[in-house]
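Notes to accompany the following structure.
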There are 2 protein chains.
Amino acid sequence: MQTPGEFVRDQVTTVRETVDRVAGSVVETVHDAPSVAAVSSQVGDFIREQRSAARVSLRELARNAGVSNPYLSQVERGLRKPSAEILASIARGLKISAETLYEQAGILDRRSGNPDTVAAIRSDSALSERHKAVLLELYETYVREHLASSPAATQTIPTSSKESA
Amino acid sequence: MQTPGEFVRDQVTTVRETVDRVAGSVVETVHDAPSVAAVSSQVGDFIREQRSAARVSLRELARNAGVSNPYLSQVERGLRKPSAEILASIARGLKISAETLYEQAGILDRRSGNPDTVAAIRSDSALSERHKAVLLELYETYVREHLASSPAATQTIPTSSKESA
DNA sequence: CAACTCCGCTTGCAGTTGCTAGCACTCCAG
DNA sequence: CTGGAGTGCTAGCAACTGCAAGCGGAGTTG
């Protein structure tokens with residue numbers, strides 16, 4: 001036979017066990033939703049890569065993008081999930097297209113393009129022949145610059161170039 | 001009389017000037033963007049129109065989209081500015097593309113030209129993100145010039161597009 | 001050495017987003 | 001008439017976003 005005090009203590013213990021159990025399942029649920037955190041981290045990592053490639057400090061990029069540098073820091077580390085507007089601002093600061101960051105952030109689907117950019121430009125009926133030539137020249141210039149700046153890419157790109165030729 | 005090489009070199013110089021000009025105009029375009037409130041109302045109106053056309057109640061769309069109906073109501077009336085994720089959910093409920101709502105919301109620019117060329121440039125691993133952005137801006141400029149310089153071509157391009165499909 | 005500038009980050013907070021609970025209204029069946 | 005189902009909306013609130021103020025550290029200058 002329990003005293004009223006003992007009964008209440010038992011109940012409180014039972015409540016605590018229930019809370020712990022529920023809290024545990026919540027933790028498990030959080031673990032089941034890593035895709036959101038992974039996406040936040042993905043765009044953050046990507047932004048940091050682009051910033052690093054451009055040899056720009058976090059503060060400078062934040063200034064150029066018109067966002068606060070602490071917030072940019074948090075975004076890069078995946079602690080915050082920026083809005084599309086902020087992503088567009090960061091893209092502008094990085095001088096890259098907003099779509100790129102949207103894709104990394106998972107809010108825009110990546111369209112698979114023609115593996116051969118040269119062929120795509122050549123067959124584009126929305127362009128005059130002169131403009132095609134200009135774009136192709138610029139494209140080749142950029143590809144050469146890319147080769148010069150990242151030798152590791154050397155092994156994949158010439159192969160692609162030969163296939164198109 | 002210029003040789004083709006000389007012509008192309010001249011064009012590359014012109015291209016660089018164009019790129020600089022385009023980069024400048026991008027900043028101005030941002031300033032010319034419609035106000036946030038107007039954009040919120042625009043996407044809200046658009047959502048209501050699409051919902052009305054589909055003969056779906058607000059609650060049904062909210063259910064299909066997986067958002068709360070009061071919130072959807074507020075979005076439609078321009079009282080709230082939904083995130084890209086919410087827009088994507090609403091688009092799914094409406095069975096339209098998310099890009100459509102992003103465009104109405106002003107977070108995604110409508111692209112001119114051939115989507116295949118755009119996608120090819122975007123996914124080309126031989127280019128840095130910055131160079132991709134430059135090429136895409138230039139491509140857009142040329143497409144617009146192409147449209148402006150031969151309006152008759154406007155009627156042939158979609159036809160050509162159908163033929164290739 | 002101190003003072004300064006720059007670096008990336010922490011913390012607290014105001015404003016915003018998206019939700020739940022509930023409201024008033026309309027229509028229809030019993 | 002009442003009760004139920006559906007409609008779109010109001011109001012309050014928790015969680016989140018993006019910011020400003022400030023920190024500790026590194027490097028430079030006088």
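Small disclaimer: the values here were computed from a predicted structure and weren't measured. Basis for what follows: all heavy atoms, side chains included, without hydrogens, waters or symmetry-related copies. Residue numbering restarts at 1 for every chain, and letters A, B, ... go by the order of the sequence lines.
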Applying side chain to side chain donor-acceptor pair (under 3.5 Å), name anything that partners A:Tyr71, two or more places apart in sequence or on another chain. none
Phosphate contact (C:dC9 OP1 or OP2) by A:Ser73 side-chain N/O below 4.0 Å: yes
Every protein N/O lying under 3.5 Å from an N/O of nucleotides 26-28 of chain C:
none

Do you know which two heavy atoms are closest between B:Pro82 and B:Val75, and how far apart they sit? CG-CG1, 3.8 Å
Near-strand residues of residues 83-102 of chain B, defined as heavy-atom separation under 4.0 angstrom from DNA chain C: B:Ser83, B:Ile86
By the salt bridge (Lys or Arg N to Asp or Glu O under 4.0 Å) test, which pairs, at least two apart or in different chains, include something from residues 49-71 of chain A? A:Arg51-A:Glu76
A:Leu79 CG - C:dT10 C1' separation (whole Å): 11 Å
Is a donor on one side and an acceptor on the other found under 3.5 Å between the side chain of A:Arg77 and the backbone of A:Ser73? yes
Keeping A:Tyr102 on the side-chain end and B:Leu108 on the backbone end, is there a donor-acceptor pair under 3.5 Å? no
With a cut-off of 3.5 Å and sequence neighbours excluded, list every side-chain donor-acceptor pair involving residues 88-98 of chain B.
{"from": "B:Ser89", "atom 1": "OG", "to": "B:Glu85", "atom 2": "O", "distance (Å)": "3.1"}
{"from": "B:Ser97", "atom 1": "OG", "to": "B:Thr100", "atom 2": "N", "distance (Å)": "3.3"}
{"from": "B:Ser97", "atom 1": "OG", "to": "B:Thr100", "atom 2": "OG1", "distance (Å)": "2.8"}

Which atom names give the shortest non-hydrogen contact between A:Val43 and A:Leu101, and what distance separates them? CG2-O, 3.7 Å
If you look at every heavy atom in B:Ser123 and B:Ala119, which pair is closest and at what distance? OG-O, 2.8 Å
Here the residues of residues 61-69 of chain B within 4.0 Å heavy-atom distance, strictly under, of DNA chain D are B:Asn69
Using whole Å, report how far CG of A:Leu72 lies from P of C:dT10. 14 Å
Does the side chain of A:Arg77 get closer than 4.0 angstrom to OP1 or OP2 of C:dC9 through an N or O atom? yes
Please figure out whether B:Tyr71 or B:Arg59 has its closest DNA chain C nucleotide nearer the 5' end. B:Tyr71
Could you pull out the closest heavy-atom pair between A:Ser128 and B:His146, with the gap in Å? N-ND1, 3.5 Å
Could you list where the contact with chain A starts and ends along DNA chain D, reading 5' to 3', using a 4.0 Å heavy-atom cut-off? D:dT17 to D:dA21
On DNA chain D, nearest-nucleotide positions of A:Pro70 versus B:Gln74: which is more 5'? B:Gln74
Among residues at least two apart in sequence or on other chains, which ones pass side chain to side chain donor-acceptor pair (under 3.5 Å) with B:Asp124? A:Thr117, A:Tyr139
Salt bridge (Lys or Arg N to Asp or Glu O under 4.0 Å) pairs touching residues 104-113 of chain B, sequence neighbours excluded, are A:Glu99-B:Arg111, B:Glu103-B:Arg110, B:Arg111-B:Glu140
Taking the side chain as everything from C-beta on, heavy atoms only, tell me whether B:Leu87 gets closer than 4.5 Å to A:Ile107. no
Are the side chain of B:Lys132 and the backbone N or O of B:Arg122 linked by a donor-acceptor pair below 3.5 Å? yes
